[in-house]
Asker: 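This structure is in structure tokens; I'll ask about it shortly.
Note that the structure is a prediction, hence the values are computed from the model and not measured. Reckoned from all heavy atoms, side chains included, excluding hydrogens, waters and symmetry mates.
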Amino acid sequence: MKRNEIVNKLIDAIMHYNETGKHKQVKFRYDPETRTEYNFKSWKHDRDHDSVRSILPEDIIMSKDGNFYVVGFDNRYNLKQFASQREQHYRSYRLDRIQE
């Protein structure tokens, strides 16, 4: 899937959220600038850019540095049994780091 298609899906999901108050999940690959400080095995860091991220987007904002971010709830616990046990985290992802 191309980056433009992903951005269009994010915008559609945000518009749906604004109209109905209900989230739509969007999945994409993301290459973070920095990795977590936790001492994972090297294979986890090497494959970090290949991992699929799931977000329930609510808005796209611009930082004071001029970077655009999609913000919403990280939907890693998208199964109901996990969602009721774990609080969803509010996250942001830079649009220019989203992988095709």
Asker: Between CD of E58 and CZ of R91, what distance do you get to the nearest 0.5 Å?
Answerer: 14.0 Å
Asker: Side-chain polar contacts of residues 59-69 - donor-acceptor pairs under 3.5 angstrom, sequence neighbours left out - could you list them?
Answerer:
| unit_1 | atom_1 | unit_2 | atom_2 | d |
| --- | --- | --- | --- | --- |
| S63 | OG | D65 | N | 3.3 |
| S63 | OG | N67 | N | 3.2 |
| S63 | OG | N67 | O | 3.4 |

Asker: Quick check: do K24 and L56 have side-chain heavy atoms less than 4.5 Å from each other?
Answerer: no
Asker: Could you report the tightest heavy-atom contact between V70 and P57, atom names first, then the distance?
Answerer: CG2-CB, 3.7 Å
Asker: What class does the angle between the rings of Y17 and H23 fall in, given that below 30° is parallel, 30 to 60° is tilted and above 60° is perpendicular?
Answerer: parallel
Asker: Which residues pass the side chain to side chain contact (heavy atoms under 4.5 Å, CB included) test with F28, sequence neighbours left out?
Answerer: I6, L10, V26, Y30, R53, I55, Y93, I98
Asker: Could you measure the distance from the NE2 atom of H16 to the CG atom of N18? Nearest 0.5 Å is fine.
Answerer: 10.5 Å
